[in-house]
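Model, not experiment: these values are computed from the prediction.
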Amino acid sequence: MIEIFTSTRVQILSKLRERPFTVSEIAKLTGYSKTTVTYHLSKLSEAGLVERVERGKWVYYRITSKGEKRLRVEIAVAVSSIVAAVISIVGFAAVKLQKTTPVMITKSVGEIRPMEDMEYAITRGMETLGYEYLMIAAAIVFTLVFLYIKFRR
């Protein structure tokens with residue numbers, strides 16, 4: 001699981017996805033104190049995402065179907081955020097690389113000067129503009145996907 005990027009409650013839900021656990025077991029698995037786990041389990045229970053199951057003297061918590069759905073949403077949001085960040089970084093690098101000044105090496109040895117060819121400069125500018133529009137479109141798409149996943153019922 002992607003535990004580095006998740007909140008306490010999502011970590012607890014992801015553990016409960018495996019099987020029902022007691023508070024002590026969850027505390028041991030997640031590294032949180034029993035008090036912290038108990039608090040978050042009570043909030044998850046109030047939201048209907050987990051349910052309390054008593055087996056003799058032991059109390060187990062298990063994830064509900066509503067909790068399963070919420071966990072899938074949280075994982076999708078985390079993954080889409082990571083993908084969007086990677087795309088943004090790659091896009092930014094591509095735009096920066098496209099904006100480098102083209103140079104021309106003349107026939108005289110060692111002379112390098114900026115290229116003055118207007119047609120090449122216009123073509124080069126259009127390529128850069130295309131990447132910028134692509135990055136804007138990707139940002140809009142990821143924002144819409146994020147909003148849909150986060151707020152759909």
Side-chain angles (χ1 to χ4, degrees), residues 1-103 112 114-115 120-153:
M1 199 53 62
I2 316 171
E3 294 178 0
I4 295 172
F5 304 107
T6 57
S7 69
T8 304
R9 293 180 188 162
V10 175
Q11 283 186 17
I12 291 171
L13 285 175
S14 69
K15 294 299 178 192
L16 291 175
R17 191 180 204 184
E18 298 168 14
R19 67 173 179 86
F21 286 105
T22 64
V23 171
S24 297
E25 291 172 325
I26 295 170
K28 188 174 182 180
L29 289 169
T30 60
Y32 297 117
S33 68
K34 290 179 189 177
T35 307
T36 300
V37 171
T38 301
Y39 171 78
H40 288 291
L41 283 171
S42 70
K43 294 298 181 185
L44 290 167
S45 183
E46 287 174 15
L49 302 177
V50 299
E51 62 185 4
R52 183 182 161 112
V53 179
E54 295 183 19
R55 294 183 190 161
K57 67 176 188 169
W58 300 104
V59 177
Y60 288 85
Y61 288 86
R62 71 175 170 211
I63 193 167
T64 62
S65 60
K66 184 178 177 182
E68 287 273 354
K69 289 176 188 172
R70 181 64 185 186
L71 184 60
R72 281 194 298 270
V73 167
E74 292 297 327
I75 291 170
V77 168
V79 169
S80 64
S81 296
I82 292 168
V83 169
V86 169
I87 287 174
S88 295
I89 291 168
V90 169
F92 178 76
V95 168
K96 284 298 183 186
L97 289 174
Q98 289 294 323
K99 287 188 177 181
T100 58
T101 306
V103 294
I112 300 175
M115 190 175 250
Y120 180 79
I122 290 171
T123 306
R124 188 72 165 193
M126 292 302 275
E127 289 173 6
T128 302
L129 192 59
Y131 282 115
E132 289 170 350
Y133 282 133
L134 179 64
M135 294 314 302
I136 290 169
I140 290 170
V141 166
F142 275 106
T143 302
L144 292 174
V145 168
F146 170 79
L147 291 172
Y148 173 74
I149 290 172
K150 191 72 175 171
F151 296 109
R152 73 181 169 126
R153 297 264 181 236

As an exercise, state the distance from [atom1] of [X] to [atom2] of [Y], rounded to the nearest 0.5 Å.
{"X": "I26", "Y": "T8", "atom1": "CD1", "atom2": "OG1", "result": "12.0 Å"}
{"X": "S14", "Y": "E74", "atom1": "OG", "atom2": "CD", "result": "11.0 Å"}
{"X": "I12", "Y": "F21", "atom1": "CD1", "atom2": "CZ", "result": "12.0 Å"}
{"X": "R52", "Y": "L44", "atom1": "CZ", "atom2": "CG", "result": "14.0 Å"}
{"X": "L13", "Y": "R72", "atom1": "CG", "atom2": "CZ", "result": "12.0 Å"}
{"X": "K28", "Y": "K34", "atom1": "NZ", "atom2": "NZ", "result": "10.5 Å"}

Can a donor-acceptor pair be found, under 3.5 Å and without considering hydrogens, that links the side chain of K66 to the backbone of A47?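 A pair under 3.5 Å: yes.
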Does [X] reach the side chain of [Y], with side-chain heavy atoms less than 4.5 Å apart?
{"X": "R9", "Y": "Y39", "value": "yes"}
{"X": "L71", "Y": "L49", "value": "no"}
{"X": "L41", "Y": "V23", "value": "yes"}
{"X": "Y32", "Y": "Q11", "value": "yes"}
{"X": "R62", "Y": "V53", "value": "yes"}

Give a yes or no on whether a salt bridge exists between E68 and R70, defined as a side-chain N under 4.0 angstrom from a carboxylate O. no
Run the side chain to side chain contact (heavy atoms under 4.5 Å, CB included) check on L16 and V50 step by step: do they pass? CA-CA 8 Å; L16 291 175; V50 299; 3.5 Å; yes
Looking at Y60, I'd like to know if the NZ or CZ of R55 sits under 6.0 Å from its six-membered ring centre while staying within 45 degrees of the ring's axis.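 Yes, R55 sits over the ring of Y60.
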Which pair of heavy atoms, one from R17 and one from I63, lies closest together, and at what distance? CA-CG2, 4.2 Å
Are side-chain N/O atoms of S42 and S45 paired as donor and acceptor at under 3.5 Å?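 Result is no, nothing qualifies.
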